[in-house]
Protein chains: 2
Amino acid sequence: MKAVQKQYNKHEDAYKLENQLCFPLYAASRLVTKCYQPVLDELGITYPQYLVLMVLWEQDQVSLSVLAEKLMLQSNTLTPLLKRMQETGLIDRVRSQQDERSIVISLTDKGRLLKAEVPRLQQQLQDIGITFEEAVQLKKLLSKMLRKAE
Amino acid sequence: MKAVQKQYNKHEDAYKLENQLCFPLYAASRLVTKCYQPVLDELGITYPQYLVLMVLWEQDQVSLSVLAEKLMLQSNTLTPLLKRMQETGLIDRVRSQQDERSIVISLTDKGRLLKAEVPRLQQQLQDIGITFEEAVQLKKLLSKMLRKAE
DNA sequence: TATTTTTGCATCGTGCACGACATAATCGTT
DNA sequence: AACGATTATGTCGTGCACGATGCAAAAATA
């Protein structure tokens, strides 16, 4: 009788919000964005724009297609985003000489200077509720998922 | 000399996209949504709508404020989303008798029936690239972050 | 060389997220 | 009862994400 009850609960639990992986992932991602928000606002950029800058700080002069691949985003997301970044003077968008279809994205001085603010941004996650070791483990698991998806 | 070089790299690495927690979290969240997409399309619902249904399957007749708290979303996100769900006949939205400010969300038969599709949805994450134990660990770490944020 | 296919980027429409702000119902206090 | 504060929900504007689709340049093939 008790075993049956337990079995039933176990089955029911699978439907519960907190027992699924999808919701914590979705909520945690938005939570991290929210942590960065105060500093990002100060810098006048959005979270996806910060990710674009991270790619460019690592390697300047990237084509849109490479940028899209690294961020796992599509051109229809990046094109308007990059246009806004160009308008605010963070990047330049130039047609490639070799391939007229390709757009090369490069940092302006203004965009390059923002790299100095990275430590301040990272500090926002200091008290995220998990230890450094747990964060490393978390990143490892997430990266494993991303690798699987190519 | 070699030690200095290593120190330098270590410092540089902190700026790299793949070495931050924020990007894998952001990308993995979108990846999971993408995995669910084929089945969600078939059911005629979106991913956030599925999360709303999960809450309602667990507890029907929930006020918008409680729903918002559970999903960590705001009314300005949920109101239009719930209106769309009402239009597609998944839920009802009724003003509470006790408190005229409050809206009570309840499942329709159509919304209730969709619960049967949960196993099919969960199956979409079968080959996400991590083991069951790793998924449990991942959920645990993410939940710890969410708890910290209340 | 001519034609087909692929690639790189773009536009358009829909649906979130969320900050700023508005509004009406309720509560707390006097 | 009167009224200021709080609460629950809503509107509006902006910026992603992404499916569907278009288009021109480049590559592949006939």
Side-chain angles (χ1 to χ4, degrees), chain A residues 22-23 26-38 40-53 62-88 90 93-105, chain B residues 22-23 25-38 40-42 44-53 62-88 90 93-105:
Chain A
C22 62
F23 173 70
Y26 160 82
S29 175
R30 285 166 37 233
L31 179 62
V32 167
T33 307
K34 191 167 287 184
C35 290
Y36 282 154
Q37 206 64 47
L40 290 174
D41 284 348
E42 216 179 298
L43 303 179
I45 58 176
T46 66
Y47 182 67
Q49 288 175 14
Y50 169 56
L51 296 179
V52 167
L53 288 176
V62 194
S63 71
L64 196 153
S65 58
V66 170
L67 193 61
E69 191 185 0
K70 292 202 178 196
L71 295 174
M72 301 183 183
L73 288 170
Q74 300 169 2
S75 69
N76 50 6
T77 296
L78 283 175
T79 296
L81 191 156
L82 293 172
K83 280 185 177 175
R84 279 186 287 271
M85 291 181 76
Q86 185 177 32
E87 278 167 20
T88 52
L90 293 168
R93 291 162 64 249
V94 184
R95 287 270 166 202
S96 166
Q97 300 288 336
Q98 297 83 24
D99 189 338
E100 283 288 336
R101 295 169 302 176
S102 181
I103 293 260
V104 178
I105 317 294
Chain B
C22 63
F23 173 69
L25 206 45
Y26 160 82
S29 175
R30 285 165 38 233
L31 179 62
V32 166
T33 307
K34 191 167 286 184
C35 289
Y36 283 154
Q37 206 63 47
L40 290 175
D41 284 347
E42 216 179 298
I45 58 177
T46 66
Y47 182 67
Q49 289 176 13
Y50 168 57
L51 296 179
V52 168
L53 289 176
V62 194
S63 71
L64 195 153
S65 58
V66 170
L67 194 61
E69 192 185 0
K70 291 202 180 198
L71 295 174
M72 300 183 183
L73 288 170
Q74 301 168 0
S75 67
N76 49 6
T77 296
L78 283 175
T79 296
L81 192 157
L82 293 172
K83 280 184 178 175
R84 278 187 287 271
M85 291 181 77
Q86 186 176 31
E87 278 167 21
T88 52
L90 293 168
R93 289 162 65 249
V94 185
R95 286 273 165 199
S96 164
Q97 300 288 335
Q98 296 83 26
D99 189 338
E100 283 289 336
R101 295 170 303 179
S102 181
I103 291 260
V104 179
I105 317 294

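Bear in mind that the values here come from a model prediction, so they are computed numbers and not experimental data. A, B, ... follow the sequence lines: proteins, then strands. Residue 1 opens every chain.
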Distance check needed: [N] [atom2] versus [X] [atom1], whole Å only.
X	N	atom1	atom2	value
A/M85	D/dG15	CE	P	13 Å
A/Q74	D/dA17	CD	P	12 Å
A/E87	D/dC16	CD	P	11 Å
A/I103	C/dT7	CD1	C1'	14 Å
B/R101	C/dA25	CZ	C1'	5 Å

Has the side chain of B/T79 got a donor or acceptor atom sitting under 3.5 Å from an opposite partner on the base of D/dG10? no

Nearest to the side chain of [X], heavy atoms from C-beta on, is which of [options]?
X	options	result
B/K83	C/dA17, D/dC16, D/dG10	D/dG10
B/Q49	C/dC16, D/dA17, D/dT9	C/dC16
B/T77	D/dA8, D/dG10, C/dA17	C/dA17
B/E100	D/dG19, C/dC18, C/dT26	C/dT26
A/N76	C/dA25, D/dG19, C/dC16	D/dG19

Is there a side-chain contact between B/Y47 and the phosphate of C/dG15, meaning an N or O under 4.0 Å from OP1 or OP2? no

If the cut-off is 4.0 Å, is B/R30 near the phosphate of C/dA17, judged by side-chain N/O to OP1 or OP2? no

Hey, what do you get for CG (A/L64) to CG (A/L78), rounding to the nearest 0.5 Å? 5.5 Å

